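Heads up: the structure comes next, in structure tokens.
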Amino acid sequence: MKYLIDTHVFLWFIMEPEKIAKKVMKILCNDESQIYMSPISFWEMAIKYQNKKLNLGKINILHLPHIAEQYDFSILNPDPYDYLAIGQIPKKENHHDPFDRMLIQQAIRNNLVLISKDEKFQQYEENGLQLMWE
């Protein structure tokens with residue numbers, strides 16, 4: 001199975017794995033699973049780090065892609081249509097986060113199961129999002 005992980009899932013995996021549901025942890029550690037990260041997640045982390053909303057402890061932010069690769073997480077290589085197609089999913093009244101919307105669109109467009117604890121994502125299942133947490 002192919003999965004796209006939300007930004008918080010990656011951060012929890014490398015810094016606070018106890019926050020990850022057991023079912024999700026099994027998937028993340030299973031050699032048969034194909035785990036992807038979006039470049040959007042790295043952009044989101046960079047912005048939050050710069051704005052002091054993300055504390056990485058002793059981790060150098062420039063090492064995050066390498067850390068992802070150490071765990072065999074592939075970096076999704078988006079094409080221009082991934083960016084343009086974000087307008088194809090409806091805006092939800094209570095959800096405007098552009099990073100989340102891009103992850104949702106990439107998951108739908110690339111037929112990936114999005115792993116996220118964000119409950120707001122559930123409203124996009126009616127638009128084709130495959131979502132998983134527990």
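The shown structure was predicted, so the numbers you read here are calculated from the model rather than taken from an experiment.
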Evaluate the ring planes of Trp133 and Trp12, with Trp represented by its six-membered ring, and classify them as parallel (under 30°), tilted (30 to 60°) or perpendicular (over 60°).
perpendicular
Sequence neighbours excluded - ring pair (Phe, Tyr, Trp, His ring centres under 6.0 Å) pairs with any residue from residues 45-70
none
Run the side-chain contact (heavy atoms from CB on, under 4.5 Å) test against Gln50 and tell me which residues pass, sequence neighbours left out.
none
Euclidean distance, Ser41 OG relative to Ile5 CD1, rounded to 0.5 Å:
7.0 Å
Just jot down the side chain to side chain donor-acceptor pair (under 3.5 Å) partners of Asn94, sequence neighbours excluded, or say none.
Gln123
I want to check something: taking the side chain as every heavy atom from C-beta on, are Gln106 and Ile40 in contact at a cut-off of under 4.5 Å?
yes
Show your working on side chain to side chain contact (heavy atoms under 4.5 Å, CB included) between Asp6 and Asp100 and close with a plain yes or no.
CA-CA 8 Å; Asp6 197 352; Asp100 289 351; 4.3 Å; yes
Who pairs with Phe99 by ring pair (Phe, Tyr, Trp, His ring centres under 6.0 Å), at least two apart in sequence or on another chain?
Trp43
Gln70 atom CD: more than 12 heavy-atom contacts under 6.0 Å:
yes
Would you say Lys23 has more than 12 foreign heavy atoms packed within less than 6.0 Å of its NZ?
no
Residue Glu32 excluded, over 12 heavy atoms near CD under 6.0 Å
no
Got a second to check how far Tyr3's OH is from Gln130's CD, nearest 0.5 Å?
9.5 Å
Can you confirm whether Val113 sits close enough to Met1 that some side-chain heavy atom of one is under 4.5 Å from a side-chain heavy atom of the other?
yes
Using ring pair (Phe, Tyr, Trp, His ring centres under 6.0 Å) as the criterion, list what pairs up with Phe42, not counting sequence neighbours.
none
With side chain to side chain contact (heavy atoms under 4.5 Å, CB included) as the criterion, how do Leu76 and Met37 come out once you've worked through the C-alpha distance, each side chain's angles and the decisive distance to 0.1 Å?
CA-CA 6 Å; Leu76 189 63; Met37 284 191 65; over 6 Å; no
Do Gln88 and Asn127 have side-chain atoms, one donor and one acceptor, less than 3.5 Å apart?
no
Run the side chain to side chain contact (heavy atoms under 4.5 Å, CB included) check on Met15 and Ile59 step by step: do they pass?
CA-CA 9 Å; Met15 297 174 65; Ile59 297 174; 3.9 Å; yes
Where at least one partner belongs to residues 13-36, residue pairs that pass ring pair (Phe, Tyr, Trp, His ring centres under 6.0 Å), sequence neighbours excluded:
Phe13-Tyr71, Phe13-Phe73
Could you grab the distance from atom CE of Met25 to atom CG of Asn30, nearest 0.5 Å is fine?
13.0 Å
Heavy-atom nearest pair, Ile115 first then Val9, reads O-CG2, 3.4 Å
